[in-house]
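Chain A is the first sequence line, chain B the second, and so forth, proteins listed ahead of strands; every chain is numbered from 1.
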2 protein chains.
Amino acid sequence: MKRVYLDRIAATPLHPEALAAMLPFLKESFGNPQSLHRDGQAVLEATEEARERVAALIGASAPEIVFTASGSEANNLALKGLALASRAKGTHLVVSAVEHLSVLNAVKGLEKFGFSATVVPVDGEGLVDPAAVEKVLTPRTTVVSVMLANSEVGTIEPVAEIAALCKGRNVLVHTDAVAAAGSLPVDVRALGVDALSLAGDQFYGPKGAAALFLRKGTRVLPLIDGGVQEGGRRGGTENVAGIVGFGRAAEIARAELAGRAARAAALRDRLIDGVLGTYGHVILTGPRARRLPHHASFCIRFVEGEALLLSLDMKGISVSSGSACSSKSLKASHVLLAMGLDHELAQGSLVFSLLADTTAEDIDYVIASLGPIIDRLRAMSPTYTTFLKESLP
Amino acid sequence: MKRVYLDRIAATPLHPEALAAMLPFLKESFGNPQSLHRDGQAVLEATEEARERVAALIGASAPEIVFTASGSEANNLALKGLALASRAKGTHLVVSAVEHLSVLNAVKGLEKFGFSATVVPVDGEGLVDPAAVEKVLTPRTTVVSVMLANSEVGTIEPVAEIAALCKGRNVLVHTDAVAAAGSLPVDVRALGVDALSLAGDQFYGPKGAAALFLRKGTRVLPLIDGGVQEGGRRGGTENVAGIVGFGRAAEIARAELAGRAARAAALRDRLIDGVLGTYGHVILTGPRARRLPHHASFCIRFVEGEALLLSLDMKGISVSSGSACSSKSLKASHVLLAMGLDHELAQGSLVFSLLADTTAEDIDYVIASLGPIIDRLRAMSPTYTTFLKESLP
């Protein structure tokens with residue numbers, strides 16, 4: 001059976017060149033980079049080269065990169081580490097309503113320890129209004145965290161504008177760029193942020209290797225205390241092979257970013273046009289244009305995303321319904337609810353995220369497969385039957 | 001040049017069968033285990049099989065295993081996660097003086113937030129006295145953490161006895177078994193502990209995959225908040241390949257543990273006898289018998305461990321001077337100082353840790369190489385010159 005993988009937001013395949021870069025560190029070069037002998041030093045060179053490459057992808061300098069094991073860890077280190085290090089100044093945080101659960105739940109964790117947070121709303125396209133962020137800043141606000149792009153609805157947020165408003169107010173700005181980095185041009189200086197999370201597994205690097213950019217001079221309390229690794233900002237033996245693969249993936253992403261994005265955007269638009277033009281009671285979630293180039297998301301009324309997802313899987317098509325991290329909780333997405341969608345519509349969420357090798361043929365196969373599935377699921381849906389009865393004259 | 005790697009405490013090579021188990025998850029099986037489609041589900045099966053294997057190595061059940069990215073992360077999750085979850089009961093912790101920096105520094109981190117800790121001393125061999133632990137328990141003590149074996153001096157601690165004394169007092173017992181698991185038989189039920197840290201890269205698994213055992217029903221606050229991964233105890237996309245390799249390494253270690261240990265212990269004793277019998281002003285650190293089977297550690301008076309290590313490296317021999325995590329801090333080891341060694345002697349620390357394929361020939365090469373190095377370094381040492389002058393009639 002034909003397999004079409006359109007779930008890049010959940011996982012990308014590992015780039016063969018990233019794997020090739022990793023293999024020596026899974027074989028003969030097994031040293032610990034903290035060891036002073038040559039087995040350690042050879043490995044250290046490789047992790048530091050990877051640090052340069054990851055830094056280059058986002059316009060940072062290498063010492064500003066703290067390697068972590070996941071985007072979620074980077075987000076937790078940012079939120080908790082910055083908030084705890086700044087607690088002498090204040091205990092108020094600001095986040096948007098559409099942040100990833102690792103940001104929202106890190107904030108909930110902090111609330112148990114005397115911190116408070118204001119959650120800034122979004123509009124119907126998932127966009128944060130920079131003025132709304134500015135309005136809630138207080139003299140005790142220490143950290144603002146607004147994501148660069150949303151993995152569920154694709155929305156690209158006005159992070160540079162938000163950072164500009166925070167400048168001069170002694171407020172640290174973090175952005176979760178896990179969904180954006182490697183797919184959109186990202187420059188930490190142009191954004192004006194103090195901290196930025198990214199993850200290699202979102203752009204053909206290995207799982208288990210991610211990073212937090214921390215602007216030089218930014219104080220952070222480690223989540224993981226230990227030895228001298230990562231400049232004392234994150235203890236634990238480094239995942240050397242993962243870091244090396246992450247670095248190579250960052251290097252490739254930097255070189256291929258523009259081409260990949262243009263190609264993906266054309267296919268994304270083909271998918272959006274195809275779905276919206278072919279099927280009724282379907283809405284696009286997130287903006288039409290201001291969205292991730294590889295990302296198309298919909299809500300399909302009268303069906304459940306879960307059932308859609310499993311039915312598409314039977315046709316060989318892998319997609320998400322909301323974020324992978326919350327896929328098993330079976331709750332309506334907090335992102336869609338924050339955008340004002342009703343619960344029922346939010347249940348019918350479907351997220352297509354395209355790989356670099358996705359073809360027009362794949363897209364057409366998906367569009368064609370979707371119709372019979374929607375029809376069959378709607379035929380079984382009591383709410384659809386009710387709707388039809390009520391609509392009939 | 002001959003290369004002899006005797007720095008297992010810093011890093012082990014990856015077992016070829018562990019690598020073989022990992023490769024499919026670095027190639028075609030790239031899904032996210034949280035995805036509901038078949039790309040995700042196939043991967044989920046593999047991580048859950050790995051969880052069974054890791055659990056089996058330590059006599060635990062699979063749901064009691066929380067995968068982490070390092071032993072340090074597991075230790076931090078144990079100390080911070082248990083202490084924070086138990087803070088309604090109390091804020092007093094007990095650790096030994098020879099714990100790994102990830103434990104000691106996690107405790108220091110907690111002390112900034114109202115927790116207090118008692119550090120229990122050790123004897124000249126690095127042993128913790130269970131009665132000394134019992135003596136410092138208070139009604140507000142919530143967590144006791146004593147390691148199972150020390151990576152710098154090899155000492156095996158009486159953890160079962162300590163856990164037995166804590167039983168019935170509503171005190172959680174954690175043990176850092178990073179240096180022990182995979183090398184010594186470890187059974188969480190026999191030990192009677194509530195939490196135990198282990199790391200695959202200590203027994204031929206990949207770097208970046210480790211675990212915390214948490215006895216069923218043990219409450220923990222996550223370090224990394226996020227999605228539903230690891231039963232809500234640790235957010236972040238799973239390092240699938242790493243976890244699979246860790247599982248395979250655990251399975252192999254379980255099968256080969258007894259044979260490896262017997263073989264290593266014989267070579268270890270050959271090394272200890274050879275070094276102590278050949279060179280003067282050398283002491284064994286840690287106990288003669290109650291130590292890790294692959295571990296021989298010494299302090300060599302009148303020379304610096306750093307210089308010894310680099311000189312041995314020139315002869316193709318890789319060893320540690322203290323723990324890898326603190327190797328670059330150039331401080332005398334807190335472990336050796338806690339054992340009562342003076343600063344000068346503690347500076348001459350040398351740790352040999354044997355691999356499964358270390359040979360008697362390797363050991364003899366090390367013993368023979370050590371002599372000229374010690375002689376040369378001592379000839380350059382002002383303290384040795386002073387000593388000689390004072391010793392002469």
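The choice from A:A241, A:G40, A:P13 that makes the most heavy-atom pairs within less than 4.5 Å of chain B is A:P13. Comparing B:A18, B:G245, B:P222, B:A106 by how many heavy-atom pairs each has under 4.5 Å with chain A, the most go to B:A106. Taking A:L19, A:I243, A:I317, A:N105 one by one and counting their heavy-atom pairs under 4.5 Å with chain B, the maximum is reached by A:N105. Comparing A:G71, A:A209, A:G31, A:G242 by heavy-atom pairs within less than 4.5 Å of chain B, the highest count is held by A:G31. Ranked by heavy-atom pairs shorter than 4.5 Å toward chain A, the options B:A210, B:G235, B:S318, B:A199 are led by B:S318. Each of A:T68, A:N239, A:I224 has some count of heavy-atom pairs under 4.5 Å with chain B, and the biggest count is that of A:I224.
Heavy atoms closer than 4.5 Å to chain A are found in the side chain of B:L309, but not in its backbone. For B:F113, the part lying under 4.5 angstrom from a heavy atom of chain A is the side chain only. Heavy-atom distances place no part of B:P16 under 4.5 Å from chain A, backbone and side chain included. Looking at B:L23, only its side chain comes within 4.5 Å of chain A, counting heavy atoms on both sides. Only the backbone of B:V319 comes within contact range of chain A, with heavy atoms under 4.5 Å apart. Contact of B:K108 with chain A is not made at all, since no heavy-atom distance falls under 4.5 Å. Interface residue B:T12: only backbone heavy atoms are found under 4.5 Å from chain A. For B:S70, the part lying near chain A is the side chain, with the backbone staying farther off; criterion is any non-hydrogen pair under 4.5 Å. For B:L223, the parts lying near chain A are the backbone and the side chain together; criterion is any non-hydrogen pair under 4.5 Å.
Side-chain contact of A:E306 with A:S321: a donor-acceptor pair under 3.5 Å is absent, judged by distance alone. Donor-acceptor pairing under 3.5 Å is recorded for the side chains of B:Q34 and B:E238.
Considering only heavy atoms from C-beta on, A:S145 stays 4.5 Å or farther from A:L93 through its side chain. Looking at heavy atoms from C-beta onward, A:L370 lies in side-chain contact with A:L350 at the 4.5 angstrom threshold. You'll find the side chain of A:V103 stays beyond 4.5 Å of the side chain of A:L101, heavy atoms only.
For A:E45, the CD atom is loosely surrounded, since the number of other residues' heavy atoms within 6.0 Å does not exceed 12. For B:R3, the CZ atom counts as densely surrounded, since its 6.0 Å shell holds more than 12 non-hydrogen atoms of other residues, nucleotides or ligands.
Partner B:D313 forms a side chain to side chain donor-acceptor pair (under 3.5 Å) with one of A:H37, A:Q41, A:R38 and no other, that one being A:R38. Applying the side chain to side chain donor-acceptor pair (under 3.5 Å) test between B:S197 and each of B:N76, B:N75, B:D176 identifies B:N75 as the sole match.
Judged purely by atom type and a 3.5 angstrom limit, A:K207 uses its side chain to pair as donor or acceptor with the backbone of B:F30.
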